[in-house]
Amino acid sequence: MNIKKITIGADHAGYLLKEKVIAHLQERGIEVIDVGTNSPDSCHYPDFAHAVCKQVQDGTSELGILICGTGIGMSMAANKHRGIRAAVCSDTFSARLTRMHNNANVLCFGERVVGMGLALDLVDSFIDAEFEGGKHQTRVNMITAIEESESQK
Ligand code: RB5
């Protein structure tokens, strides 16, 4: 899959790294939608998780990237959205495999956890991997079934 458009968001703990990731994606010829934040002023990461996930849900972007201090809060908020499979990663193997096996559509990581070099490698590993389908599709369908049954409670 040749990724053409990505929506990215960060809170105050991730916005500096977000700027580096945006420059990297643009260098790769990928269109980037930046939903903020754009300052060190304290803000709330669920707002940015929501903004990114809406654009992945409605097809505006194929994939999303979310950065906070650890990546964890962003992934928790993102995974509350129907159809979103967000993975917090700090190694390239996981970033690659979560696309190949889980068909993850949002990558999360923490500016306080990973350095810039690793962050860009995480992004490349995630973007360049392809979902394998087959038995992995069966398992992703099972996640979707859980999501649907839980949303009716
Ligand atoms: C902000 O201090 C921090 O809690 C946030 O960026 C994130 O790491 C939460 O999971």
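We number each residue from 1, following the sequence as shown. Counting starts at 1 for both ligands and their atoms, in listed order.
For NE2 of H44, the number of neighbouring non-hydrogen atoms (other residues, nucleotides, ligands) closer than 6.0 Å is 12 at most.
Short contacts between ligand 1 and G69, defined as distances under 4.0 Å to a heavy atom of the residue, involve ligand atoms 5 (C), 6 (O), 7 (C), 8 (O). Atoms of ligand 1 lying under 4.0 Å from at least one heavy atom of A13, given by number and element, are 6 (O). Short contacts between ligand 1 and C68, defined as distances under 4.0 Å to a heavy atom of the residue, involve ligand atoms 6 (O), 7 (C), 8 (O), 9 (C), 10 (O).
For atom 6 (O) of ligand 1, the nearest protein heavy atom lies under 4.0 Å away.
Formation of a donor-acceptor pair under 3.5 Å by the R96 side chain with backbone atoms of S125 is not found in this model. A donor-acceptor pair under 3.5 Å is formed between the side chain of N105 and the backbone N or O of G83.
With a heavy-atom cut-off of 4.0 Å, T70 touches ligand 1 through backbone and side chain alike.
Residues E148 and R82 have side chains in contact (heavy-atom distance under 4.5 Å, counting atoms from C-beta outward). For the pair K4 and E31, the minimum side-chain heavy-atom distance is 4.5 Å or more. Within the 4.5 Å cutoff, the side chain of L25 has heavy atoms near those of the I127 side chain.
Nearest non-hydrogen protein atom to atom 2 (O) of ligand 1 is R112 NH1, 3.3 Å. Summary of contacts: the protein heavy atom closest to atom 10 (O) of ligand 1 is G73 N, 2.9 Å. Of all protein heavy atoms, the one closest to atom 9 (C) of ligand 1 is Y45 CE2, 3.5 Å.
Residue H12 places a heavy atom less than 4.0 Å from ligand 1.
Note that OH of Y15 and CD1 of I22 are 12.5 Å apart. Values are rounded to the nearest 0.5 Å.
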